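Here is the structure we will look at, set down as structure tokens.
Small disclaimer: the values here were computed from a predicted structure and weren't measured.
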Amino acid sequence: MKRNNGWVLAALAMMPLLNTACSDDTTTPADEDKLAKKETNFGKKNDVFSAEEWYPGGELGTTEGRAYSDPTPAVTNVPGMEDSFNRGENFFERSFTLTDNPYRGLGPAWVRNNCEQCHPSYGHGKRQTIYNGKAFGNGYLLVIYHPTAGVDADGVAYAANSYVRHVTGMPQTNAMTPFKAPVDESGINIEWKTVSGTMPSGLSATQFPDGEKFQLIYPEVTIKQEAFNTFPKPDNYEVRLESTIGLYGTGLLDAIDKEDMKAQYQKEAKKADLNPAMWNKAADDWAATAWYTLADGTKAIKKFTYGMTRASLQDGPGANAMWNITNVTRSDRHYLYTTDMWAKAMSMDKDVISYIKQNGKQSGSILHPYYGNGTDEDISKNVNMLLGLNAKSDADAYKKHFVDNGPFAGQDEMSNKDYYDFMVWHRGLAVPAARGLDNPVVQRGKKVFMEIGCASCHRPSWKTGNDNYWVDNAIRDYAKSIGKNPETMLPRYAHQTIWPYTDLVQHRLFMANNIRTGWCRTTPLWGRGLSLERTGAEDRLHDCRARNEIEAIMWHAYDRRSDAFWAASKFYNLPKADRDAVVAFLRAI
């Protein structure tokens with residue numbers, strides 16, 4: 001990945017306001033150096049911004065470049081760690097295959113075979129009109145759930161808003177030959193709807209009071225029942241989209257202490273109702289379900305993903321995705337990310353049985369574990385059993401059949417060393433430095449942002465704690481094998497003042513075709529102003545429905561019940577110059 005470590009002029013930083021993207025590919029290192037020397041006010045405080053705010057990731061977490069792919073000083077300051085970072089980056093950028101070392105072990109079903117497909121240039125996914133898992137920039141994950149409680153065809157009861165159990169929580173739309181994907185992409189339809197007239201809040205859905213136009217759109221997604229290759233097929237389901245966010249700076253968020261998060265929750269709980277799954281209002285304390293149990297039994301407070309489903313970064317979205325998006329197993333996860341209903345359907349498929357019968361006899365091949373004695377009955381039995389080895393209790397059985405007797409000759413699909421390097425990279429991604437904070441328009445934008453109340457949810461800054469990060473078993477085992485202390489092997493960000501602009505709390509906006517539960521974590525704003533330049537798009541919100549900052553803000557005002565209506569309605573009534581200033585500020589931080 002080409003990196004850009006040069007400072008740029010404040011004037012260049014303001015070019016996105018005119019919808020003109022800058023490109024580091026048009027300048028040489030010498031040019032960048034010249035620009036750096038002209039950035040005379042970089043790092044200097046002014047009447048609105050402190051000197052610290054130029055470094056949103058703090059001294060240890062900020063890059064002097066504009067890319068989302070740069071390592072933090074916490075990486076480059078440690079001899080040898082950048083080598084692991086660079087090697088780990090390859091696991092993000094390269095496509096996984098069935099057998100090619102070291103990017104091997106793909107499938108048997110998967111969501112994507114490449115991480116960067118979902119995180120273009122390490123940033124936010126792009127809005128899509130057709131669901132194609134192979135399309136670069138498609139960061140969408142299908143959210144398939146039951147809108148109301150009921151009982152499925154197997155007699156299993158389910159709760160309202162629960163995921164359908166027929167497919168995985170991150171539904172897979174690809175599979176290795178001869179298996180069929182759990183969800184056939186040809187049966188997925190995305191239709192973009194336009195909001196017209198007046199929003200439920202009473203505000204115009206098409207223009208500001210001064211006449212400037214805007215337009216709100218949202219996706220309506222359906223999946224045909226016959227597109228599910230499961231037995232039985234699900235019913236009573238709805239579909240939503242959730243897109244990926246930027247990867248940079250997640251190590252810094254991991255370093256925020258739960259005690260500081262608790263103080264933020266206590267502060268906000270005095271004025272608003274918070275998600276009862278996270279906060280017990282009566283006790284003024286964490287709800288029981290706010291705690292996440294890590295692999296070794298350690299309890300940690302959830303802080304990652306829109307739905308606040310993960311705690312430590314080492315068991316967070318990226319660490320988890322390296323396993324379940326690709327279905328590449330490793331020493332601490334010797335089991336598949338599949339469902340019994342998919343396994344059953346494949347074991348009943350005559351085309352699957354016939355193909356394995358013809359091609360699975362050779363010992364050590366990908367299909368050999370399914371072959372058995374070669375009869376239709378035995379192949380069907382093995383397919384049902386092996387594709388269904390999806391619980392942690394089945395880890396030993398999976399290892400016996402796929403690792404010991406499969407194509408990798410007793411080796412893990414992803415080694416502990418490979419995974420360690422990947423996590424050095426993941427935890428070591430820097431936040432781009434702020435840009436143009438000496439510009440009067442940007443300064444006005446921050447003042448207005450604070451005055452209308454946006455910072456109530458988009459909290460500007462945090463101070464990280466000791467950053468005694470949790471260590472998962474794969475990294476702990478690797479550290480033991482080389483005689484090192486696992487508690488010091490990953491980048492650390494202790495006692496850094498950072499500026500992510502998030503409260504790490506979930507709120508409700510009551511949008512049309514809302515996120516599954518209605519509750520969504522406040523997305524960090526740092527670095528997002530570079531999205532158009534870095535990824536070619538600036539789509540925002542959980543499903544990329546907002547194509548720019550204006551649309552994102554106005555979705556906050558869609559319904560008077562929105563936790564942000566009072567702030568967004570103030571934005572709606574601002575003069576155009578002040579609205580433009582807020583956008584300039586958002587693009588500078």
Side-chain angles (χ1 to χ4, degrees), residues 109 111 141-173 180-184 187-188 220-242 273-282 286-293 299 302 305-311 320 324 327 333 335-349 383-395 397-398 506 508 510 513-521 542-543:
V111 183
L141 298 173
L142 298 168
V143 180
I144 308 173
Y145 68 101
H146 298 293
T148 57
V151 178
D152 66 22
D154 285 332
V156 177
Y158 53 79
N161 284 326
S162 61
Y163 292 111
V164 299
R165 67 187 187 93
H166 304 71
V167 293
T168 51
M170 294 183 180
Q172 299 148 330
T173 60
K180 298 172 183 177
V183 181
D184 185 341
I188 304 171
E220 185 172 279
V221 189
T222 56
I223 300 178
K224 297 177 181 178
Q225 189 179 46
E226 55 266 31
F228 290 92
N229 290 309
T230 63
F231 183 84
K233 298 180 187 295
D235 56 15
N236 184 30
Y237 60 87
E238 290 187 1
V239 187
R240 294 289 187 268
L241 298 174
E242 288 186 13
D273 291 330
L274 304 184
N275 186 355
M278 287 295 298
W279 191 251
N280 184 329
K281 187 171 185 177
W286 299 114
T289 47
W291 294 92
Y292 183 86
T293 303
K299 300 281 189 178
K302 299 171 183 175
T305 77
Y306 297 114
M308 300 289 262
T309 57
R310 295 275 164 173
N320 190 52
N324 67 9
N327 230 337
R333 297 195 183 192
Y335 49 97
L336 290 177
Y337 187 59
T338 58
T339 70
D340 291 336
M341 284 65 75
W342 178 62
K344 183 66 174 177
M346 294 302 96
S347 74
M348 299 166 61
D349 192 299
V383 168
N384 189 39
M385 178 185 70
L386 298 177
L387 291 187
L389 291 178
N390 51 31
K392 293 183 180 181
S393 60
D394 294 328
Y398 179 86
Q506 287 178 304
R508 292 178 295 181
F510 294 95
N513 279 11
N514 207 5
I515 195 168
R516 177 177 62 96
T517 64
W519 296 97
C520 189
R521 190 193 73 166
H542 71 281
D543 54 10

Which pair of heavy atoms, one from Ala343 and one from Gly388, lies closest together, and at what distance? CB-N, 3.6 Å
Side chain to side chain donor-acceptor pair (under 3.5 Å) partners of residues 158-167, not counting sequence neighbours, each pair once: Asp152-Arg165, Asp154-Arg165, Tyr158-Asn236, Tyr163-Arg516
Closest non-hydrogen atoms of Thr338 and Asn390, given as atom of the first, atom of the second and distance, are O-ND2, 3.1 Å
d(Leu241 CG, Leu142 CG) to nearest 0.5 Å is 6.5 Å
Validation row: Ile188, Val239 side chains within 4.5 angstrom (heavy atoms): no
Kindly write out the residues that satisfy side chain to side chain contact (heavy atoms under 4.5 Å, CB included) with Thr168, not counting sequence neighbours, or none if the list is empty. Gln172, Tyr337, Thr339
Not counting sequence neighbours, which residues clear side chain to side chain contact (heavy atoms under 4.5 Å, CB included) with Leu141? List them please. Val111, Met170, Ile325
Can you name the residues that form a salt bridge (Lys or Arg N to Asp or Glu O under 4.0 Å) with Lys281, not counting sequence neighbours? Asp273
Quick one, Arg521 with Thr305, criterion side chain to side chain contact (heavy atoms under 4.5 Å, CB included). Give me CA distance, side-chain angles, the key distance, then yes/no. CA-CA 7 Å; Arg521 190 193 73 166; Thr305 77; over 6 Å; no
In Å, rounded to the nearest 0.5 Å, how long is the span from CG of Leu336 to CG of Asn324? 12.0 Å
Contacts table for residues 226-235: side-chain donor-acceptor under 3.5 angstrom, sequence neighbours left out:
unit_1: Asn229; atom_1: ND2; unit_2: Ala181; atom_2: O; d: 2.6
unit_1: Thr230; atom_1: OG1; unit_2: Pro232; atom_2: O; d: 2.9
unit_1: Lys233; atom_1: NZ; unit_2: Phe228; atom_2: O; d: 2.3

Atom CG in Asp340, atom CG in Asn384: separation rounded to 0.5 Å? 7.5 Å
With Trp519, which residues qualify under ring pair (Phe, Tyr, Trp, His ring centres under 6.0 Å), at least two apart? none
Pairing residues for Glu238 by the salt bridge (Lys or Arg N to Asp or Glu O under 4.0 Å) criterion, not counting sequence neighbours: Arg240
Taking only residues two or more places apart in sequence or in another chain, which ones pass side chain to side chain donor-acceptor pair (under 3.5 Å) with Lys299? Thr293
For Ala290 and Trp286 the tightest heavy-atom approach is CB-CE3, 4.0 Å
Across all chains, not counting sequence neighbours, the ring pair (Phe, Tyr, Trp, His ring centres under 6.0 Å) partners of Phe510 are none
Minimum heavy-atom separation for Trp291 and Ala287, please, with both atom names. CD1-O, 3.6 Å
What pair of heavy atoms forms the shortest contact from His542 to Cys520, and how long is it? CB-SG, 4.4 Å
Partners of Thr289 by side chain to side chain donor-acceptor pair (under 3.5 Å), sequence neighbours excluded? none
Does Tyr292 have any side chain to side chain contact (heavy atoms under 4.5 Å, CB included) partners at least two apart in sequence or in another chain, and if so, which? Leu294, Lys302, Arg310, Ala311, Asp315
Those residues at least two apart in sequence (or on a different chain) that pass side chain to side chain donor-acceptor pair (under 3.5 Å) with Asn275 are Gln506
